[in-house]
Asker: 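Please see the structure below; I have some questions.
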Number of protein chains: 2
Amino acid sequence: MSGSASRGLARVLRQTKRPSIPRSQARQCQPLRPLFEPVRNFSGTARQREDTGEPHRNVKYTTDMYPTLKRDPRFSEITPEHVQFFKSALGDDAAVIDGVSSDASDDLEAFNTDWMRKYRGHTKLVLRPKSTEEVSKVLKYCNDNKLAVVPQGGNSGLVGGSVPVFDEIVISLSRMNKIRSFDDISGILVVDGGVILEVADNYLAEQNHLFPLDLGAKGSAQIGGNVATNAGGLRLLRYGSLHGNVLGIEAVLPDGTIVDDLGTLRKNNTGYDIKQLFIGGEGTIGIITGVSVYCPQRSKAVNVAYFGLPSFEHVQKAYKEAKVQLGEILSAFELMDARSQGFVHQVTGNKRPLDGDHPFYCLIETSGSNTEHDSEKLEKFLEYVMSEEIVSDGVLAQDETQAKSLWAWREGITEAIGHFGGTYKYDLSIPIQELYQLVEDTRDRLDSKGLVGDDDSFPAIAVVGYGHMGDSNLHLNVPVRKYTKEVEEAIEPWVYEWIQKRRGSISAEHGLGIAKKKYIGYSRSETMLKLMKQIKELYDPNGIMNPYKYI
Amino acid sequence: MSGSASRGLARVLRQTKRPSIPRSQARQCQPLRPLFEPVRNFSGTARQREDTGEPHRNVKYTTDMYPTLKRDPRFSEITPEHVQFFKSALGDDAAVIDGVSSDASDDLEAFNTDWMRKYRGHTKLVLRPKSTEEVSKVLKYCNDNKLAVVPQGGNSGLVGGSVPVFDEIVISLSRMNKIRSFDDISGILVVDGGVILEVADNYLAEQNHLFPLDLGAKGSAQIGGNVATNAGGLRLLRYGSLHGNVLGIEAVLPDGTIVDDLGTLRKNNTGYDIKQLFIGGEGTIGIITGVSVYCPQRSKAVNVAYFGLPSFEHVQKAYKEAKVQLGEILSAFELMDARSQGFVHQVTGNKRPLDGDHPFYCLIETSGSNTEHDSEKLEKFLEYVMSEEIVSDGVLAQDETQAKSLWAWREGITEAIGHFGGTYKYDLSIPIQELYQLVEDTRDRLDSKGLVGDDDSFPAIAVVGYGHMGDSNLHLNVPVRKYTKEVEEAIEPWVYEWIQKRRGSISAEHGLGIAKKKYIGYSRSETMLKLMKQIKELYDPNGIMNPYKYI
């Protein structure tokens with residue numbers, strides 16, 4: 001973090017005709033109080049999680065929320081004989097959490113319930129294999145005996161994909177948590193599927209490299225799960241998607257076949273790139289047990305700035321200019337609307353980074369190899385966007401702590417919004433010019449139906465938009481005092497029709513899971529669905545892998 | 001291109017104890033004579049190509065080179081009735097080159113022969129559809145009538161994948177050459193499959209963007225073909241692979257189905273990423289008719305430097321240092337050994353960029369948004385690698401012409417080597433530490449068998465190594481006076497065994513085609529081959545797509 005950049009901001013403010021933000025603030029971003037400890041920032045597995053809030057048993061069963069969903073009669077019921085097999089195959093008491101032949105219902109609930117406490121299954125059995133061979137053994141047995149399964153990583157997904165619906169067996173990867181190798185010349189890392197993202201990134205930091213994916217749930221999310229859900233996150237703008245960065249995958253198919261595609265080469269043009277089907281396959285054709293990833297050099301210099309802007313047109317201008325002027329060092333360009341920042345303020349009580357109210361806020365991060373150069377580029381950019389009145393006001397973090405505090409205004413939104421009850425969450429890709437229009441249209445729609453307002457008589461509290469501007473990825477959130485049919489029916493399928501008209505995606509980075517399964521037709525043609533079903537049929541003819549979800 | 005960087009190099013040379021390279025050269029890279037006009041740098045289609053060299057009919061038929069290969073009796077012979085259908089379906093005289101019912105043998109030869117003049121087929125029919133619907137119509141007809149086909153783009157491949165072996169019908173994409181759309185905020189380009197890479201890149205240059213792929217054959221290679229072969233090329237180090245950058249594909253399956261997966265979103269997690277199978281599928285499951293690509297901002301500043309180094313250990317040190325010091329602006333790190341540069345010099349007669357002989361040469365390119373910053377980083381890097389004696393000598397281009405001249409010492413290798421007769425070419429991925437060991441081992445092996453030497457009694461002229469250091473991708477070339485069984489048997493399968501032991505790839509970026517088909521087992525397991533064959537069977541049950549090749 002550079003001092004000169006911050007001085008630069010102060011200089012910008014003197015030169016421009018904008019009303020200055022207070023000098024003290026421009027020179028030094030207020031040492032903000034730390035955000036509340038995020039619920040998801042625990043380490044370890046679902047098992048180790050300490051529940052401080054609502055008990056799992058207060059969470060509604062998914063089967064109650066989706067009453068038309070029926071258990072697939074093709075699947076066998078789990079018997080004590082099955083459990084006996086798993087115990088002998090996995091050979092370790094801790095490997096099997098058994099609610100079939102013994103009582104382990106409390107232990108099971110953490111695996112049955114997703115972190116949002118929105119989905120809850122009925123499993124009576126959790127298997128925790130320690131090796132790829134063990135995964136192969138149990139999966140083959142399940143397939144032979146028509147036992148349905150749900151692969152589970154850090155259980156930090158947002159669409160209910162990692163918890164059972166009925167009595168599917170949970171196969172937890174949490175004990176497959178070894179970093180297998182790292183080469184610091186090529187930057188190639190090989191890990192078990194159950195390695196926690198933050199653990200890998202911290203390990204890489206020691207070697208001056210970084211994991212090319214970063215997201216709010218990194219303290220619990222597992223890399224195998226990240227790959228299975230093709231997680232996007234905060235670094236995609238700079239480092240690209242997992243389809244490009246994942247160099248190899250080891251996975252187990254339902255019939256026990258070990259897909260040994262764990263190459264460590266940046267280039268390997270020898271046949272179809274089968275591993276790509278597992279990236280974003282959401283555990284429906286196999287379980288990812290190993291991943292090889294290309295990891296870039298960690299940047300020595302990281303700068304974070306936070307702006308207020310008068311309109312979404314101004315946000316677009318700022319983004320276009322950032323691409324030109326910051327070019328190769330631009331590592332994040334995040335969008336937050338006024339309401340989203342209001343919720344973070346309300347819940348955390350933290351002092352706002354900027355005085356006054358602005359309709360839009362952006363967070364820009366740069367990462368580069370030379371602090372002075374980066375600061376100079378950022379100064380020049382700031383000078384430009386302030387003198388052109390593209391940006392109304394801004395602050396620049398002066399050290400890592402301040403950078404983290406600024407990031408908390410972006411990363412803390414989800415939790416702040418969730419503080420008041422439920423949230424209708426939509427993760428959408430929209431052509432960039434129309435990105436924010438959806439928030440306004442949704443607000444108008446709920447308003448015209450009398451469904452959103454400040455006092456407790458309205459079911460919805462607000463309509464909030466934020467997201468990854470650089471990826472054209474909007475998070476549309478509607479926090480509600482309680483879930484009601486009226487609000488749901490006002491939003492769905494209207495929001496998906498809105499997206500379909502603009503050829504957007506109804507799930508940009510969260511995946512389909514159970515939440516988006518029935519809406520895929522708004523983003524994919526009949527032809528594509530047919531081709532996807534062929535793939536599912538090819539790899540999982542018995543349909544045992546993560547049933548009731550995805551396509 | 002910056003002047004200060006070049007002055008910087010001069011300064012470096014004054015500060016270090018290395019014997020200075022002549023000041024005149026350090027200050028100004030010699031205005032090198034242009035390289036001979038590369039054969040592949042023609043524009044347009046195979047049809048338009050003017051043949052200046054050896055006539056096609058002197059090229060040996062592939063069927064003579066591979067006498068064990070038999071025509072698959074499942075395929076129908078083409079009849080005048082078939083031709084009649086195609087003429088009516090494509091509706092335009094120029095759309096069908098007909099050697100079945102009329103004599104078009106001269107016109108057909110350009111489509112039968114690959115650009116290396118190494119592979120030659122027996123086709124009597126070339127179809128040149130103008131739309132995706134036309135491709136669908138002809139492919140469905142071929143599938144229904146068991147007529148085998150070969151999709152052909154710019155026909156610039158290196159493994160014989162784009163020409164027929166027997167009488168497969170060539171489906172040329174060259175008339176599908178429209179740029180469909182470009183959005184300059186998101187950087188997303190949509191093109192027909194037959195758009196020539198250089199045409200697209202020139203178009204993007206006008207909009208300050210660049211195509212994330214660059215390669216020597218860009219003047220003829222088509223984007224559909226690039227994607228079908230998952231071309232790697234010169235920009236992969238910086239911008240990543242096509243698996244990450246291709247956002248959407250439109251393709252036609254053998255049964256005529258149009259795969260409408262031509263999305264323009266950076267994020268879209270709605271189902272299996274089917275399009276990935278076409279990337280690197282080498283036209284064996286369908287024909288790519290449209291591509292959507294994420295294109296980054298074009299860098300304002302480009303610097304190119306050329307070094308001599310004393311050993312491969314020094315090359316590794318220089319690469320590691322370049323990653324740290326040049327970080328986000330490093331856009332190429334190319335390796336060339338002494339012999340490769342000797343051949344370019346011998347064939348072109350151009351003055352060498354550096355005095356004296358060096359065992360290794362590297363070309364470094366930086367691309368960034370700020371000329372001064374980039375030059376300063378490069379200067380600092382040069383200062384360091386020269387003072388530490390990692391690099392023996394170097395020059396820096398001062399303008400675009402000089403940059404192109406330096407690049408010609410890298411890009412001209414393939415053609416210079418091919419000047420003396422044939423070349424055994426291997427395109428390999430190898431763990432970076434052992435990358436050059438293979439060249440030395442091959443040299444020792446041919447030497448010990450008395451197969452390589454300077455005078456005409458030896459079949460092989462030399463053993464040459466060069467490639468993309470940053471991607472761990474070596475091009476091993478053995479130029480020969482004539483192809484002999486002895487040389488071939490000395491190299492193969494020994495070279496593939498060498499690669500297998502190190503878990504490398506027998507085809508890093510060139511693909512399999514017909515040349516590498518039988519060696520895939522050295523880079524892929526039985527399990528992977530089985531999975532690949534399932535995919536082929538799924539999409540092309542009649543096996544009509546590009547037969548006799550790939551897996």
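Because only heavy atoms are used, hydrogens play no part in the values below, and waters and symmetry mates are left out as well, while side chains stay in. Here is the naming used below: chain letters follow the sequence lines, and residue numbers restart at 1 for every chain. Remember, it's a predicted structure, so these values are computed and weren't measured experimentally.
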Asker: Is A/Val246 close to chain B through its backbone or its side chain, or both, or neither, when contacts mean heavy atoms under 4.5 Å?
Answerer: neither
Asker: Heavy-atom distance under 4.5 Å to chain A: side chain of B/Ile185, backbone, both or neither?
Answerer: both
Asker: So what's closer than 4.5 Å to chain B heavy atoms on A/Ser429: side chain, backbone, both or neither?
Answerer: both
Asker: State yes or no: are the ring centers of A/Phe182 and A/His209 separated by less than 6.0 Å?
Answerer: yes
Asker: Checking the side chain of B/Asp261 only, and the main-chain atoms of B/Glu250 only, is there a donor and an acceptor separated by less than 3.5 Å?
Answerer: no
Asker: Judged by modelled atom types alone, do B/Asn269 and A/His510 share a side-chain donor-acceptor pair under 3.5 Å?
Answerer: no
Asker: Who among B/Lys536, B/Lys516, B/Arg524 has the most heavy-atom pairs with chain A under 4.5 Å?
Answerer: B/Arg524
Asker: Can you tell me which portion of A/Leu531 sits under 4.5 Å from chain B's heavy atoms? Options are side chain, backbone, both or neither.
Answerer: both
Asker: Any side-chain to backbone donor/acceptor pair from B/Ser292 onto B/Gly263? Under 3.5 Å, distance only.
Answerer: yes
Asker: What part of A/Leu242 gets closer than 4.5 Å to chain B, counting heavy atoms only: side chain, backbone, both or neither?
Answerer: neither
Asker: Mind ranking B/Leu326, B/Ile506, B/Thr284 by heavy-atom pairs under 4.5 Å with chain A and telling me who comes out on top?
Answerer: B/Thr284
Asker: Which pairs, with at least one residue in residues 526-535 of chain B and sequence neighbours excluded, count as a side chain to side chain donor-acceptor pair (under 3.5 Å)?
Answerer: none
Asker: Heavy-atom distance under 4.5 Å to chain B: side chain of A/Asn473, backbone, both or neither?
Answerer: side chain
Asker: I'd like to know which of B/Gly368, B/Ser472, B/Gly240, B/Gly280 tops the heavy-atom pair count under 4.5 Å against chain A.
Answerer: B/Gly368
Asker: Tell me, side chain or backbone of A/Tyr539 under 4.5 Å from chain B's heavy atoms, or both, or neither?
Answerer: side chain
Asker: Among A/Ile258, A/Leu538, A/Asn370, A/Ile432, which residue forms the greatest number of heavy-atom pairs with chain B at distances under 4.5 Å?
Answerer: A/Leu538
Asker: Please step through side chain to side chain donor-acceptor pair (under 3.5 Å) for the pair A/Asp374 and A/Asn303, ending with a clear verdict.
Answerer: CA-CA 8 Å; A/Asp374 291 5; A/Asn303 286 302; 5.0 Å; no
Asker: With sequence neighbours excluded, what pairs up with A/Gln433 under the side-chain hydrogen bond (donor to acceptor under 3.5 Å, both in side chains) test?
Answerer: B/Asp183
Asker: Under 6.0 Å from the NZ atom of B/Lys380, do we count more than 12 heavy atoms belonging to anything else shown?
Answerer: no
Asker: At what distance, to the nearest 0.5 angstrom, does OH of B/Tyr550 lie from CD1 of B/Ile520?
Answerer: 7.5 Å
Asker: Under 4.5 Å, counting heavy-atom pairs only, tell me which of B/Leu236, B/Ile279, B/Ile551 racks up the most with chain A.
Answerer: B/Leu236
Asker: Which answer fits A/Thr229, side chain, backbone, both or neither, if we ask what part of it has an atom under 4.5 Å from a heavy atom of chain B?
Answerer: backbone
Asker: Let's test your reading of the structure: which of B/Lys377, B/Lys320, B/Arg503, B/His468 forms the most heavy-atom pairs below 4.5 Å with chain A?
Answerer: B/Lys377
Asker: Heavy-atom cut-off 4.5 Å, strictly under: side chain, backbone, both or neither for A/Tyr319 against chain B?
Answerer: side chain
Asker: Is it the side chain or the backbone of B/Tyr272 that comes within 4.5 Å of chain A heavy atoms, both, or neither?
Answerer: both
Asker: Is A/Thr257 close to chain B through its backbone or its side chain, or both, or neither, when contacts mean heavy atoms under 4.5 Å?
Answerer: side chain
Asker: Given a strict heavy-atom distance threshold of 4.5 Å, which part of A/Leu253 is in contact with chain B: side chain, backbone, both, or neither?
Answerer: side chain
Asker: Could you look at A/Leu277 and say if it's the side chain, the backbone, both or neither that has a heavy atom under 4.5 Å from chain B?
Answerer: both
Asker: Of the backbone (N, CA, C, O) and the side chain (C-beta and beyond), which part of B/Leu529 lies under 4.5 Å from a heavy atom of chain A, both, or neither?
Answerer: neither
Asker: Report which part of A/Gln297 has an atom under 4.5 Å of a heavy atom belonging to chain B: side chain, backbone, both, or neither.
Answerer: side chain
Asker: Kindly say whether B/Glu328 contributes a backbone atom to a donor-acceptor pair with the side chain of B/Arg238 at under 3.5 angstrom?
Answerer: yes
Asker: Donor-acceptor pair, distance only, cut-off 3.5 Å: does the side chain of A/Arg298 make one with the backbone of A/Asn208?
Answerer: no
Asker: Let me know if A/Leu512 has heavy atoms under 4.5 Å from chain B in its side chain, its backbone, both or neither.
Answerer: both
Asker: Looking at CE of A/Met528 and CG of B/Asp260, how far apart are the two atoms once the value is rounded to the nearest 0.5 Å?
Answerer: 6.5 Å
Asker: By the definition side-chain hydrogen bond (donor to acceptor under 3.5 Å, both in side chains), identify the one residue from A/Glu376, A/Glu372, A/His373 that meets it with B/His373.
Answerer: A/Glu376
